Amino acid sequence: MANAEGTSGAGDFISDAIGHDIDGGVYKGRVQTRFPPEPNGYLHIGHAKAITVDFGTAEKFGGVCNVRLDDTNPVAENPEFVQSILDDIAWLGYEPAAVLHASGYFEQLYQWARYLIEQGLAYVDDQDNETISAQRGGYGRPGVESPFRDRSVEENLDLFTRMRAGEFPDGSRVLRAKIDMASDNMVLRDPVMYRIRHAEHHQTGMQWPIYPTYDWAHGQSDAIEGVTHSLCTLEFDTHRPLYDWYLNHLPLPTEKPRQIEFARLELTYTITSKRRLARLVRDGIVDGWDDPRMPTLRGLRRRGYPAKAVRDFCAYLGTTRTNARHNIEELESFVRRELNTTSRRRMVVTRPLHLVIDNWPTDENGSPVVEYFPLTNNPENPDEGTRLAAFTGDLFIEQEDFAETPPPKFFRLAPGREVRLRGAYLVTATGVVKDENGQVVEVHATYDPATRGGDAPDGRKVKSTMHWVSVPHAVDLDVALYDRLFTTPNPGESTGEPLDDLNPDSRELLSAKGEAAITDVEPGQVVQFERLGYFAADPDRPGLFHRTVGLRDEWAALQRKAAKGARAAKRA
RNA sequence: UGGGGUAUGGGGUAAUUGGCAGCCCUACGGAUUCUGGUUCCGUCAGUCCAGGUUCGAGUCCUGGUACCCCAGCCA
């Protein structure tokens with residue numbers, strides 16, 4: 001079976017192709033890939049897929065993978081993005097064999113362009129953007145050849161030299177490859193190789209007034225670096241003939257790299273358009289690129305997603321050519337799986353309700369007794385030991401854990417009902433105190449001293465074990481709950497504009513109460529708030545926790561179903 | 001409109017290249033449990049459509065359909 005180790009992709013089509021190359025002696029058995037981001041923004045979950053494919057493939061065949069910053073368009077790029085990209089790759093757990101820049105090849109590219117001109121395969125076009133665009137033709141309609149298409153080699157060389165010398169203003173001329181204006185493939189209709197931009201480049205400064213386009217730079221950069229398999233996303237498959245055309249017409253010092261395309265990763269309830277993510281930031285809809293609701297790698301990191309969960313998720317999806325929007329629930333299940341085994345447990349009450357134990361004893365001085373109970377840090381890993389939690393007769397419990405008139409299948413605390421306070425005692429609710437609106441503000445209860453530690457000597461069972469925090473020992477916390485950023489699985493499906501489907505209630509801030517041991521959580525660390533979910537301590541603000549993801553919640557599911565049933569009954 | 005790409009349960013992904021359609025997630029049952037968590041066991045459900053070749057088709061052939069990408073001096 002292909003999935004013997006539980007990881008998909010052992011036999012994916014890219015590995016098959018590379019396997020054939022190796023068997024056929026192509027590239028002398030060498031495998032080299034690259035991850036080539038443009039430093040014009042922050043990396044997002046979609047890039048994580050590309051990164052795992054690029055690095056993972058190299059790793060699988062004992063090859064190398066470089067990062068190459070595809071910095072051919074200086075007006076969109078800056079060094080801050082370069083740094084963030086490198087940081088995010090490192091966070092994901094990958095180490096590039098080298099960090100390279102397409103801008104490092106500008107001189108070689110320039111010389112190769114002169115070579116193509118000399119071969120009569122490239123020409124300088126004096127027309128403006130709009131004219132060239134109009135002449136390109138349309139689907140099913142051939143383009144029109146530029147009047148400058150048949151300039152002499154000498155004139156082209158002279159003009160190109162002067163373009164490079166900075167003699168012409170932006171947009172006044174371009175260098176084009178002379179291929180076929182009637183090609184069915186629009187990419188082949190005399191593509192632009194160089195455009196004039198008198199702009200400062202973050203790597204090369206003002207050295208160059210002309211910049212290569214993606215198509216002209218990419219394959220050649222691959223060849224220069226010795227890339228064997230240039231893995232990219234599906235939208236570039238119509239570019240492959242051009243990628244090959246350039247490589248075939250150049251005197252390459254190395255074997256020709258091979259481009260292979262795969263499907264990009266998209267997730268439900270979010271977007272990966274850099275432009276629109278930038279708008280969320282600019283319009284203040286989120287706090288920044290690292291807002292825990294953002295699908296950026298920085299956002300996921302702040303949210304508490306473990307890098308391993310992201311990597312495992314990508315590996316699990318496999319590498320295919322089928323476009324798919326994957327359910328974000330699948331990613332979340334990887335996050336839970338990882339966090340369940342790695343995160344410590346803590347008790348935090350997010351919507352506090354007072355629970356007063358009326359028969360709680362006082363000591364010889366008349367003050368209430370304080371008891372300390374050991375609680376397991378991580379039931380999945382007993383080596384992590386226990387911590388002590390203070391217990392008194394004055395407690396916080398979760399509002400949701402008490403019902404004055406319990407609905408069907410409600411197992412938690414209710415008048416006359418006995419439950420366990422985790423690791424401490426069994427308690428029975430005896431009554432409530434309400435405010436002027438009839439809201440329960442305090443629950444009264446009695447405890448059974450014989451159940452110290454949480455077990456009844458007579459063997460009687462309770463249906464629920466609840467978390468609690470001692471009021472005099474409680475630590476104040478800010479907790480941010482997150483919902484999906486968008487209200488629909490496929491944002492923009494109905495209107496064409498994803499931002500129309502923004503969820504206005506994607507964040508809820510709560511003032512919570514935590515046990516004392518909550519203060520030993522490190523910045524950025526993720527812990528499980530027992531019975532609630534996984535929460536990440538904010539890296540910068542002590543006392544602030546972001547909900548990474550909730551626990552699976554059968555009770556909530558039951559309630560949803562009941563509500564749905566009630567609605568259906570109402571309609572009928 | 002021309003070209004390119006892709007279709008397997010509700011979602012995703014396999015099938016030794018023509019040989020019993022498997023796995024994961026979800027949903028739904030049940031067991032265990034001091035987290036309505038975890039773990040364990042089980043259940044439902046699929047080859048885009050119509051023809052054809054073949055003892056045998058997810059796989060090959062013919063014809064359709066649906067979705068994605070391409071007319072930037074973005075990548």
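Worth saying up front: this structure is predicted, and the values here are computed from it rather than measured. Protein chains get the first letters and strands the later ones, always in sequence-line order, with residue 1 at the start of each.
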Asks: Please answer whether C70(B) and Tyr139(A) are stacked, defined here as ring centres separated by less than 5.5 Å and planes angled under 30°.
Replies: yes

Asks: In this structure, how many angstroms lie between the P atom of G72(B) and the CD atom of Glu38(A), rounded?
Replies: 18 Å

Asks: Less than 3.5 Å between a donor and an acceptor, one on the side chain of Gln559(A) and one on the base of G36(B), is that the case here?
Replies: no

Asks: Establish, for the pair Arg422(A) and Trp468(A), whether the NZ or CZ atom is under 6.0 angstrom from the six-membered ring centre and no further than 45 degrees off its axis.
Replies: no

Asks: Contact class for Leu558(A) vs. all strands (heavy atom < 4.0 Å): base, sugar-phosphate, or nothing?
Replies: base

Asks: With under 30° as parallel and over 60° as perpendicular, where do the rings of Phe334(A) and Phe313(A) fit, or are they tilted in between?
Replies: perpendicular

Asks: Indicate whether any N or O donor in one side chain lies under 3.5 Å from an N or O acceptor in the other, for Asn378(A) and Glu380(A).
Replies: no

Asks: Measure the distance from CG on Asn378(A) to C1' on G37(B) and round it to the nearest whole Å.
Replies: 12 Å

Asks: On RNA chain B, compare the nucleotides closest to Arg552(A) and Asn323(A); which residue's is nearer the 5' end?
Replies: Arg552(A)

Asks: Find the distance Asp184(A):CG to G5(B):C1' and express it as a whole number of Å.
Replies: 15 Å

Asks: Which part of the nucleic acid does Thr213(A) contact within heavy-atom distance under 4.0 Å: base, sugar-phosphate only, or nothing?
Replies: sugar-phosphate

Asks: Run the salt-bridge test on Glu530(A) and Arg345(A) with the 4.0 Å N-O cut-off and return the result as yes or no.
Replies: no

Asks: Over 60° means perpendicular and under 30° means parallel, so tell me whether Tyr214(A) and His218(A) are parallel, tilted or perpendicular.
Replies: tilted

Asks: Who passes side-chain contact (heavy atoms from CB on, under 4.5 Å) against Thr322(A), sequence neighbours left out?
Replies: Thr320(A)

Asks: For Arg136(A), report the nucleic acid contact type (base, sugar-phosphate, nothing); a contact means any heavy atom under 4.0 Å.
Replies: sugar-phosphate

Asks: I'd like to know if Glu530(A) reaches the base of G37(B) with its side chain such that a donor and an acceptor end up less than 3.5 angstrom apart.
Replies: no

Asks: Does Thr72(A) place a side-chain N or O at less than 4.0 Å from the phosphate oxygens OP1/OP2 of A75(B)?
Replies: yes

Asks: Just to be sure I understand: a Watson-Crick pair is purine N1 to pyrimidine N3 plus N6-O4 or O6-N4, both under 3.5 Å. Using that and G-U wobbles, which stems of three or more pairs involve RNA chain B?
Replies: B:2-7 with B:65-70, B:10-13 with B:22-25, B:27-31 with B:39-43, B:48-52 with B:60-64

Asks: Hey, does Tyr194(A) reach any base, or is it just sugar-phosphate, or nothing, if we go heavy atoms under 4.0 Å?
Replies: nothing

Asks: Does any N or O donor sit under 3.5 Å from an N or O acceptor when you compare the side chain of Tyr316(A) with the base of C24(B)?
Replies: yes

Asks: Describe the nucleic acid contact of Asp128(A) in one word from base, sugar-phosphate, nothing, applying a heavy-atom distance below 4.0 Å.
Replies: base

Asks: Determine whether a donor-acceptor pair (one donor, one acceptor, N or O, separation below 3.5 Å) exists between the side chain of Gln528(A) and the base of U35(B).
Replies: yes

Asks: Establish, with yes or no, whether the OP1 or OP2 oxygen of C74(B) is under 4.0 angstrom from a side-chain nitrogen or oxygen of Arg195(A).
Replies: yes

Asks: Pairing donors with acceptors under 3.5 angstrom, does anything connect the side chains of Trp555(A) and Gln559(A)?
Replies: yes

Asks: Distance criterion of 3.5 Å, no angle test: do you see the side chain of Arg412(A) paired donor-to-acceptor with the base of G36(B)?
Replies: yes

Asks: Rounding to a whole Å, what distance do you find between Glu380(A):CD and U35(B):C1'?
Replies: 11 Å

Asks: Using a cut-off of 4.0 Å on non-hydrogen atoms, how would the nucleic acid contact of Asp553(A) be classed: base, sugar-phosphate, or nothing?
Replies: sugar-phosphate

Asks: More 5' along RNA chain B: Val187(A) or Ile196(A), using each one's nearest nucleotide?
Replies: Val187(A)

Asks: With a 3.5 Å cut-off and just heavy-atom distances, do the side chain of Arg345(A) and the base of U35(B) make a donor-acceptor pair?
Replies: yes

Asks: Find out whether the Lys NZ or Arg CZ of Arg176(A) is both under 6.0 angstrom from the six-membered ring centre of Tyr123(A) and within 45° of the ring's axis.
Replies: no

